[in-house]
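To start, the structure under review is shown below, and the notes come after it.
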Amino acid sequence: MSPFDARANPTPGKLPESFCVMDCAALARTTGYSAQSLRELRDALLEVDVASIYYHFWGGLLRPALDDPEYMNDFAVWVGRQLRDQVLAERLAMIDAAAQPTLEDLRSELVELCDDRLDTLESPLWVNRDRAFYFLSARLVVIPTGRFIHAPAELPAALSHFSRGSIFYHFVDARRRREDGRDDLRAWVEDHDGGASAPIAARLAAVDPFQGSLVQLKRQVINAIEAGLQEVSR
Amino acid sequence: MNGLLQRYAGVVGDDVIEHLLSLAKPLAGLRVVHVNSTRVGGGVAEILNKMVPFMQELGLAATWEVITGDETFFACTKTFHNALQGFAVMPTAGQLRSYEQTNAHNAERLRSVLADAEIVVIHDPQPAPLLGFVPERRGLWIWRCHIDLSRPHRPVWKYLLPHVVGYDASIFSLADFARRLPHPCYLIPPSIDPLAEKNIELEASEIADVRRQFNLDPDRFLVTQVSRFDRFKDPLGVIQAYRLVKSYVPGLQLVLAGGEATDDPEGAVVLEEVLAAAERDPDVRILLLPADAHRTINALQRASDLILQKSTREGFGLTVTEGLWKGKPVIGGNVGGIRLQVHDHQTGFLVDTPEGAALRMRYLLSHREIRERMGRTARVFVLENFLLTRHLLEYLALFHGLRKGQDDRIEVA
């Protein structure tokens, strides 16, 4: 089983003490699977390790990207831009990956959408080899930064120094890594002071980490915390 | 933080350097040896010239070894290079013998260094057989292939394959460039060095001097393509696009800057065709620059309103990265690594035809604000993704990864 789907890793912040800021880097690697047509994409989806499905939904956030990606997963991007099937691209883009209980469920959803589309197409969709989809996966290297946050009031300033890797680790990866599905910061705030910071936790819970780049997510998180802190101080 | 790290921190920020230091700390003293076939010239040497001292500053015991060989050896490896990129050529039996003997001799010369190293990074096919000549090796060996292997001439790949299958891992620049191998294949795009002559900030006066040197009018638009005179770079398509735009933007100037004529007979033929196509147009400058004209290239890119890289086949396309780093939108061919860097309406435009290039040139030259916005986005995009510091970070992550087995999640203490 891929550790990407593991739910048992310990929380990096030593609750209820200081929050330990972690950083991470993704090492992309090939899987040997590629697709030049919708049918090949569907067949590979059935066989490829779930780590690759994780990578193409979330790992891509750590890849070179701009702030305004059209679709939030690589399958939708490829189907839309290379296969030029907007119908399927839109459906793939609307998959709520975070709501799928496991990566196997996510795989089934992807295959189901591809099958459904294949049933309705009159002619096969394919691209030249230089526009093929390559299934990749990644190894996540996690490192402590040596920086600690001691109180919620320190969060906005501390977050402004978070790298993209730190944002990914604590806000994206955490939701799959942690059994309770919370992000690390919300977990720390909620467990930190017996509910006094509940407004911050509530605003963090409302942040959707899958609707933009990591830079945009960082801005969203800072805004949520600042608004939460204001509410706490009232 | 010492001098070198401070200089880079001035460009990428303290946080990035701290990130590198955190990753490097558990690797302090790690004996890393890079091996390639030349100390000067070419992209690999350029990267190692900066990468190795940087690793040393971060505390790794990194060194760089260069294998030596005679003309026959380099004729063989030049043929490999062409064949791996798809040309149907094969070294002679004598050249292949030289290839293996040269590697055997170099293995003897470097034996103690290679055997003791904890990580050995072998760059490209030239030193690939070293692995087989150091059976007592104790470390992990990585084959770093900078070449596009997507369409190799099969007899050459079949010959080289036994020399690379034994490595612990390979690194390719892009997924499309990789081949299936029986060990993990990692993807690490190349990078540019922001402090190199080619990319460093220049005074306005130096840029003005270069404009004067080539008789370029600062009050008229300038578009530039920097690349070898090679059909895959489509210089004729660039001239065609320029002509299509010229009727709408009469003052437009075009620079095609490439290296001086080399021993590549094809390059000379293409250059002749380009000169003929330019038809002595006074606003088209065909520049043959020496290999070390880095500051001149830098100034030309900075003097330009747009950068073109209208390739029909491309590796990663570091000239695109250079243009983006200088805050210029890039109109690039929809191929290879250009796709990773040029994003429509954000850092430039991808095009498939001279007409497409003309369409986008005309649009961008008519919209100064859009050009400037794209230029700002382009620079930040390179800052975050394609500088030497990111490249180094991925190497460090890989070293951690290799030392921790095959787990998908590696927790560094």
Side-chain angles (χ1 to χ4, degrees), chain A residues 1-6 9-10 12 21-34 49-51 54-55 62-70 81-82 129-147 160-166 173 177 213-215, chain B residues 13-16 18-19 21-26 150-151 169-172 174-176 178-181 184-189 313 334-336 339-341 343-347 377-378 380-382 384-386 390 393-394 396-402 404 406-413:
Chain A
M1 186 181 182
S2 164
F4 277 123
D5 205 18
N9 284 8
V21 181
M22 308 293 279
D23 205 337
C24 71
L27 269 175
R29 60 180 173 183
T30 60
T31 64
Y33 288 92
S34 63
D49 191 285
V50 287
Y54 177 93
Y55 178 82
L62 282 169
R63 276 203 317 264
L66 289 156
D67 277 2
D68 189 21
E70 189 177 4
R81 294 202 188 144
Q82 305 302 337
R129 188 170 139 189
D130 68 342
R131 291 172 188 244
F133 184 89
Y134 292 92
F135 284 84
L136 308 179
S137 66
R139 303 181 71 190
L140 201 65
V141 180
V142 183
I143 43 168
T145 63
R147 292 202 294 262
S160 67
H161 291 287
F162 269 34
S163 69
R164 290 195 313 165
S166 294
D173 183 67
R177 174 172 30 88
S213 69
L214 293 172
V215 175
Chain B
D14 289 344
D15 291 347
V16 172
E18 279 172 24
H19 190 178
L21 286 165
S22 301
L23 261 177
K25 197 174 168 189
S150 57
R151 291 178 170 83
S170 291
I171 306 174
F172 293 92
L174 293 171
D176 329 31
R179 294 203 74 74
R180 197 183 282 232
L181 289 166
C185 295
Y186 293 94
L187 302 174
I188 301 183
R313 189 165 177 193
N334 190 6
V335 291
R339 286 188 195 141
L340 203 61
Q341 305 182 69
H343 296 262
D344 284 347
H345 296 281
Q346 299 197 71
T347 59
T377 306
V380 173
F381 185 56
V382 174
E384 290 181 350
N385 298 295
F386 298 119
R390 187 275 313 154
L393 182 141
E394 293 196 83
L396 297 177
L398 177 61
F399 295 166
H400 281 294
L402 290 175
K404 298 267 184 176
Q406 288 303 309
D407 289 348
D408 282 341
R409 183 179 293 271
I410 303 140
E411 309 268 350
V412 178

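Letters go in sequence order (proteins before strands), and every chain restarts at 1.
Contacts between B/Ser150 and chain A at a heavy-atom distance below 4.5 Å involve backbone atoms as well as side-chain atoms. Both the backbone and the side chain of B/Ala175 come within contact range of chain A, judged by heavy atoms closer than 4.5 Å. Residue contact with chain B, scored on non-hydrogen atoms closer than 4.5 Å, involves the side chain of A/Leu136 exclusively. Of the two parts of B/Phe172, neither the backbone nor the side chain holds a non-hydrogen atom closer than 4.5 Å to a non-hydrogen atom of chain A. For B/His19, the parts lying under 4.5 angstrom from a heavy atom of chain A are both the backbone and the side chain. Interface remark: A/Ala132 contributes no atoms to any contact with chain B (heavy atom separation under 4.5 Å). Contact of B/Leu23 with chain A is made through backbone and side chain together, with heavy-atom distances under 4.5 Å. When heavy atoms are compared at a cutoff of 4.5 Å, B/Asp15 approaches chain A solely by way of its side chain, counted from C-beta outward. With a 4.5 angstrom heavy-atom cutoff, B/Arg151 touches chain A via backbone and side-chain atoms both.
Highest contact tally toward chain B, considering only A/Arg147, A/Arg131, A/Arg164, is held by A/Arg131 [criterion: heavy-atom pairs under 4.5 Å]. Heavy-atom pairs under 4.5 Å with chain A were tallied for B/Thr347, B/Thr377, B/Val16, B/Asn334; the largest tally goes to B/Asn334.
Looking at A/Tyr54 and A/Asp49, their side chains never bring a donor and an acceptor atom within 3.5 Å of each other.
A search for side chain to side chain contact (heavy atoms under 4.5 Å, CB included) contacts involving B/Val335 returns B/Ser311, B/Glu314, B/Ile338, not counting sequence neighbours.
Aromatic pair B/Phe381/B/Phe386: ring centres closer than 6.0 Å.
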